[in-house]
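One-based numbering along the sequence shown.
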Amino acid sequence: MHLWKYSFVFLTPNVLQEPNNLITMMMADRNKTAIKTLVQNAPHPLHYGITKTGKSTLRNLTSEEVAYLRLSSSSSSSKILAPVLTLLLQKDIDNSKDALDKAHEMILGVNETNIAEAEYAATYRNTSWSDDHPLDTDQDMLHSILHRLEGRFIGEGGHTGYDNAKYWLFGGSKMLDAVDENHAVRVRFKEYVLRNYNYLREMGLIVEEEEERRSYEIIAGNNRTRKIFLRKGEFDWIRFYDLCEMSQEKYSTGGEKVRIWEKEWVEYIVELQVVEIDLIVQYAVTGELR
């Protein structure tokens with residue numbers, strides 16, 4: 001059984017006993033094929049078992065998963081990103097029951113010590129769970145990507161994964177006016193886009209000099225929406241998410257809805273998503289990007 005399916009290797013007893021070996025192994029064996037598979041096989045449905053049944057999917061973790069998740073938490077720079085990525089980057093995620101739901105719960109702060117509290121909060125709703133477990137920038141970033149992978153499936157609040165992805169992109173209930181462009185992952189991602197901008201210019205991922213600003217409307221919770229404004233020179237994350245939607249449509253429908261001139265775009269957008277998630281993996285493991 002592959003406990004660390006992202007790098008497609010077995011966790012030997014020596015690795016389990018030496019947490020630093022995990023970091024070395026992850027960086028040496030990091031394989032973008034697993035990320036590309038995750039992206040190309042999207043959309044992935046979330047089932048929201050904890051809110052529908054009051055039972056956390058983390059109760060279904062195997063003993064091997066528990067051991068590995070503890071290890072990834074203790075040996076990486078992030079107590080949440082590395083374990084969540086462990087679940088997301090499984091070789092057969094579509095056949096792995098509740099993998100995305102487990103990842104989703106962990107992003108929201110559920111762990112082996114507070115499962116009963118989380119189940120109570122999911123059942124009765126009017127609790128202080130969100131205040132007691134606020135999401136930081138790392139969690140918002142990965143939470144947004146997870147809902148982006150959910151795609152057009154209807155999820156939280158009766159909204160599509162894409163709608164919820166944009167909501168969390170801008171901090172969820174914090175209702176940020178802008179994406180945190182100073183986060184190490186986003187700095188490096190924008191650098192990658194700019195280095196390849198001759199190929200990507202037509203996609204409109206950067207607000208051009210001749211544009212005063214761009215505006216979008218996103219959900220704001222409680223059946224409300226709000227406006228987001230982007231100024232010249234800024235990376236357009238909402239445009240990127242919209243292009244990810246087009247890419248998912250191509251891969252999930254066999255391509256019949258994608259025009260000929262868009263096919264090359266689909267390859268670029270998949271590549272960009274792979275680059276983005278790969279940067280998050282590096283950041284989760286080491287806390288820095290070289």
Side-chain angles (χ1 to χ4, degrees), residues 1-7 11 15-16 19 22 26 34 38 41-136 138-150 153-157 161 164-165 168 172-173 277 280-281 284-285:
M1 175 182 180
H2 291 107
L3 301 182
W4 178 241
K5 296 178 181 177
Y6 174 52
S7 51
L11 283 180
V15 172
L16 290 171
L22 177 64
M26 288 170 70
L38 176 71
N41 287 349
H44 303 279
L46 279 158
H47 302 104
Y48 301 99
I50 192 169
T51 56
K52 292 180 179 178
T53 68
K55 182 180 179 181
S56 170
T57 55
L58 297 184
R59 291 193 182 277
N60 300 327
L61 289 172
T62 65
S63 58
E64 291 86 358
E65 286 176 318
V66 170
Y68 184 77
L69 292 174
R70 285 177 180 170
L71 178 62
S72 60
S73 295
S74 63
S75 61
S76 67
S77 66
S78 169
K79 300 300 182 186
I80 292 183
L81 290 188
V84 169
L85 288 162
T86 300
L87 295 169
L88 286 181
L89 297 175
Q90 298 182 72
K91 183 178 180 181
D92 299 311
I93 192 168
D94 287 322
N95 297 319
S96 178
K97 182 175 175 58
D98 297 329
L100 262 74
D101 286 273
K102 292 173 183 175
H104 187 241
E105 288 183 30
M106 291 179 70
I107 288 173
L108 295 176
V110 186
N111 59 53
E112 60 182 342
T113 69
N114 62 16
I115 289 179
E117 178 189 354
E119 290 173 337
Y120 182 90
T123 301
Y124 296 100
R125 307 298 176 89
N126 189 24
T127 71
S128 61
W129 177 270
S130 296
D131 294 332
D132 296 339
H133 302 84
L135 274 60
D136 62 19
D138 290 349
Q139 289 165 279
D140 283 342
M141 177 171 59
L142 197 52
H143 194 182
S144 176
I145 290 173
L146 192 149
H147 282 296
R148 192 176 76 201
L149 292 168
E150 186 183 19
F153 286 110
I154 301 300
E156 291 176 327
N164 283 315
W168 289 107
S173 61
I277 296 173
I280 296 174
V281 171
V285 173

| query | Which word best sums up how the rings of Trp129 and His133 line up, parallel for under 30°, tilted for 30 to 60°, or perpendicular for over 60°? | reply | parallel
| What pair of heavy atoms forms the shortest contact from Asp140 to Leu135, and how long is it? | OD1-CB, 3.5 Å
| query | Given side chains that start at C-beta, do those of Leu88 and Ile145 come closer than 4.5 Å, heavy atoms only? | reply | no
| Straight-line distance of Ile277 CD1 to Met141 CE, nearest 0.5 Å | 10.5 Å
| request: With rounding to the nearest 0.5 Å, note down the distance linking CH2 in Trp168 to CD1 in Ile107. | output: 10.0 Å
| Closest heavy-atom contact between Thr127 and Ala121? | OG1-CB, 3.3 Å
| message | For a quick test of reading the model, state the closest non-hydrogen atom pair linking Val110 to Ala118 and the distance between them. | response | CG2-CB, 3.7 Å
| Just how far is it from atom CE of Met106 to atom OG of Ser56, taken to the nearest 0.5 Å? | 10.0 Å
| query | Is a side-chain donor or acceptor of Asn164 paired with a backbone partner of His147 at a separation under 3.5 angstrom? | reply | no
| said: Tell me whether Glu150 contacts the main-chain N or O of His44 through its side chain, where contact means a donor paired with an acceptor under 3.5 Å. | reply: no
| query | Is any side-chain heavy atom of Asn60 less than 4.5 Å from a side-chain heavy atom of Lys55? | reply | yes
| query | Are the side chain of Glu105 and the backbone N or O of Thr57 linked by a donor-acceptor pair below 3.5 Å? | reply | yes
| Side chains of Leu46 and Leu146: does their closest heavy-atom pair fall under 4.5 Å? | yes
| task | State, yes or no, whether a side-chain contact exists between Ile80 and Asp138 at a heavy-atom distance under 4.5 Å. | result | no
| query | Any sub-3.5 Å donor-acceptor pair from Ser144's side-chain atoms to Ala165's backbone N or O? | reply | yes
| Looking at Ala42 and Leu149, what are the two nearest heavy atoms and their distance? | CB-O, 3.8 Å
| field | N/O donor-acceptor pair under 3.5 Å between Asp101 side chain and His47 backbone | value | yes
| task | Taking all non-hydrogen atoms of both residues into account, name the closest pair between Ala284 and Leu81 and its distance. | result | CB-CB, 3.6 Å
| query | Going by heavy atoms in the side chains, are Tyr48 and His104 under 4.5 Å from each other? | reply | yes
| Partners of Asn111 by side chain to side chain contact (heavy atoms under 4.5 Å, CB included), sequence neighbours excluded? | Thr113, Asn114
| query | With distance as the sole test, does Thr53 use its side chain to make a donor-acceptor pair with the main-chain N or O of Ile50 at under 3.5 Å? | reply | no
